[in-house]
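Because the structure is a prediction, the values reported are computed rather than measured. Throughout, residue positions are numbered sequentially from 1 according to the sequence presented.
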Amino acid sequence: MPPDPRTAFVPNRAQTLEVLRLMGEYRPILMLKGDDDGYGTRWVLDGQQVDPGIASYLMESGFLVDTGATEMGARTLNLTESGRVLRRNGELWWQQLGTLQRLKITILG
């Protein structure tokens, strides 16, 4: 079976995997539209900003789905089934790496 082209290039693999781990099964990323305030769109998970490149990659690749708005107008983004598979595969891949490989990936992306 050919590799999934959506996972051929994952931006900052260690940080992307950390975002997926933090999301788990039930935590959404909140997308805050900010065009009116001059800051642009921001993505937040548990009060911490998610790198825009990672959030965009997950959305554009179909690993996140918009599940509606909060009372304050933020959009909630949850993992799709393919996002859950990406997280499981990422965790298996990470476990197979040695300490030096993990360090190199963490530092260099």
Side-chain angles (χ1 to χ4, degrees):
M1 185 157 103
D4 188 341
R6 296 177 301 173
T7 59
F9 173 75
V10 177
N12 199 335
R13 295 175 288 175
Q15 191 174 3
T16 299
L17 182 56
E18 185 62 25
V19 167
L20 293 170
R21 285 177 177 158
L22 288 172
M23 287 185 74
E25 291 294 321
Y26 304 107
R27 284 189 187 138
I29 289 178
L30 297 179
M31 183 173 70
L32 310 169
K33 293 282 188 180
D35 296 334
D36 296 336
D37 63 9
Y39 289 105
T41 301
R42 294 177 302 268
W43 294 267
V44 181
L45 177 61
D46 289 343
Q48 298 296 315
Q49 187 168 339
V50 175
D51 182 272
I54 292 172
S56 296
Y57 163 76
L58 292 172
M59 289 174 53
E60 292 168 4
S61 299
F63 297 124
L64 295 177
V65 64
D66 186 337
T67 54
T70 67
E71 292 115 16
M72 302 298 280
R75 305 301 299 177
T76 57
L77 306 172
N78 286 304
L79 288 174
T80 61
E81 184 56 38
S82 60
R84 289 183 190 95
V85 169
L86 177 68
R87 185 185 64 228
R88 282 192 298 269
N89 290 343
E91 288 174 345
L92 291 173
W93 165 76
W94 190 259
Q95 290 170 0
Q96 294 174 354
L97 297 175
T99 304
L100 290 177
Q101 290 173 309
R102 288 181 185 180
L103 183 62
K104 180 180 175 186
I105 290 168
T106 301
I107 293 171
L108 300 177

Decide if atom CD of E25 counts as having more than 12 heavy atoms of other residues, nucleotides or ligands within a radius under 6.0 Å.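 More than 12 heavy atoms, drawn from other residues, nucleotides or ligands, come within 6.0 Å of this atom.
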For atom CG of L100, decide whether the heavy atoms of other residues, nucleotides or ligands shown that lie under 6.0 angstrom number more than 12.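 No, CG of L100 has 12 or fewer neighbouring heavy atoms, counting only those of other groups under 6.0 Å.
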What is the minimum heavy-atom distance between [X] and [Y], and which atoms define it?
X: G53; Y: P11; answer: O-CG, 4.0 Å
X: R102; Y: Q95; answer: NH2-CA, 3.4 Å
X: T80; Y: G62; answer: OG1-O, 2.9 Å
X: L32; Y: A74; answer: CD2-CB, 3.4 Å

Before you tell me yes or no, could you show the steps for L20 and L86 under side-chain contact (heavy atoms from CB on, under 4.5 Å), namely the whole-Å CA-CA distance, both residues' side-chain angles and the distance that decides it to 0.1 Å? CA-CA 8 Å; L20 293 170; L86 177 68; 3.8 Å; yes
Are side-chain heavy atoms of [X] and [Y] found at a separation under 4.5 Å?
X: V44; Y: V50; result: no
X: R42; Y: K33; result: no
X: M23; Y: L64; result: yes
X: D51; Y: N12; result: no
X: T76; Y: L30; result: yes
X: I105; Y: W93; result: yes
X: P28; Y: N78; result: yes

I'd like to know if [Y] and [X] are part of one continuous hydrophobic network [Ile/Leu/Val/Met/Phe/Trp/Tyr, side-chain heavy atoms within less than 4.5 Å].
X: I29; Y: V65; value: no
X: L58; Y: V10; value: yes
X: L92; Y: V85; value: no

Hey, is E18 close enough to R13 for a salt bridge, meaning N to O under 4.0 Å?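 Looking at E18 and R13, the cut-off is not met.
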Are any of the side-chain nitrogens in E81 or R84 under 4.0 Å away from the carboxylate oxygens of its partner?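 A salt bridge links E81 with R84.
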Backbone N/O of [Y] and side chain of [X]: donor-acceptor pair under 3.5 Å:
X: R87; Y: L17; answer: no
X: R27; Y: L22; answer: yes
X: T16; Y: I54; answer: no
X: S61; Y: F63; answer: no

What distance separates D66 CG from M59 CE, expressed to the nearest 0.5 Å?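 Going from the CG atom of D66 to the CE atom of M59 covers 7.5 Å.
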